[in-house]
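What follows is a set of notes on a single structure, which appears directly below.
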Amino acid sequence: MGLFGKKRKPRESNEINNSELKIKLADTALGLLAEGEDFTELANTKCEFGYLFDIERHGIEALFKLVTDKTTAYFAAQGDRLMRLDFNEELFQTTVEGFLDMHN
């Protein structure tokens with residue numbers, strides 16, 4: 001035990017069923033895609049979340065992908081930042097599994 005007692009683990013909320021939050025993140029990610037390079041049209045674009053958590057004193061932690069008519073783009077949300085990742089499907093699946101193992 002440290003000088004100030006036992007350190008408490010931050011509370012986490014699994015938000016994978018939070019449609020409003022998922023739409024907000026997907027819409028923001030769509031804005032990061034380069035028209036003509038990442039898609040021709042967005043009509044059949046799909047979004048798949050690997051995980052989506054709200055972590056106390058940290059904020060949102062998410063990993064998801066957008067599948068367009070031209071590419072699959074991977075994104076991570078951390079706190080109030082959204083980043084496009086240089087991932088492939090294998091790395092996406094491995095990262096999702098590792099994160100869920102640590103947080104379940």
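Between F99 and Y51, the ring-plane angle classifies as parallel under the 30° and 60° cut-offs. Between Y74 and F92, the ring-plane angle classifies as tilted under the 30° and 60° cut-offs.
A donor-acceptor contact closer than 3.5 angstrom links the side chains of E89 and Q93.
More than 12 heavy-atom neighbours from other residues, nucleotides or ligands sit within 6.0 angstrom of CZ on R57. A 6.0 Å sphere centred on NZ of K24 holds no more than 12 heavy atoms belonging to other residues, nucleotides or ligands.
Under a 3.5 Å cut-off, the side chain of T45 and the backbone N or O of L42 do form a donor-acceptor pair. In this structure, T71 contributes its side chain and A73 its backbone to no donor-acceptor pair below 3.5 Å.
In terms of heavy-atom proximity, A29 sits nearest to L82 at N-CD2, 3.6 Å. Summarising the geometry of L66 relative to C47, their closest heavy-atom pair is CD2-CB, 3.6 Å, with the distance given to 0.1 Å. Of all heavy-atom pairs between L100 and G50, the closest is CD1-O, 4.1 Å.
Taking the charged nitrogens against the carboxylate oxygens, R84 and D38 do have a contact shorter than 4.0 Å, which makes a salt bridge. Salt-bridge annotation for E15 and K22: absent, with no side-chain N of the basic residue lying under 4.0 Å from a carboxylate O of the acidic one.
Residue D69 holds its CG atom at 8.0 Å from CG of N44, rounded to the nearest 0.5 Å.
No chain of hydrophobic side-chain contacts below 4.5 Å, direct or via other Ile, Leu, Val, Met, Phe, Trp or Tyr residues, connects M83 to F49. L30 and V67 are members of different hydrophobic clusters when ILVMFWY side chains are connected at heavy-atom separations under 4.5 Å.
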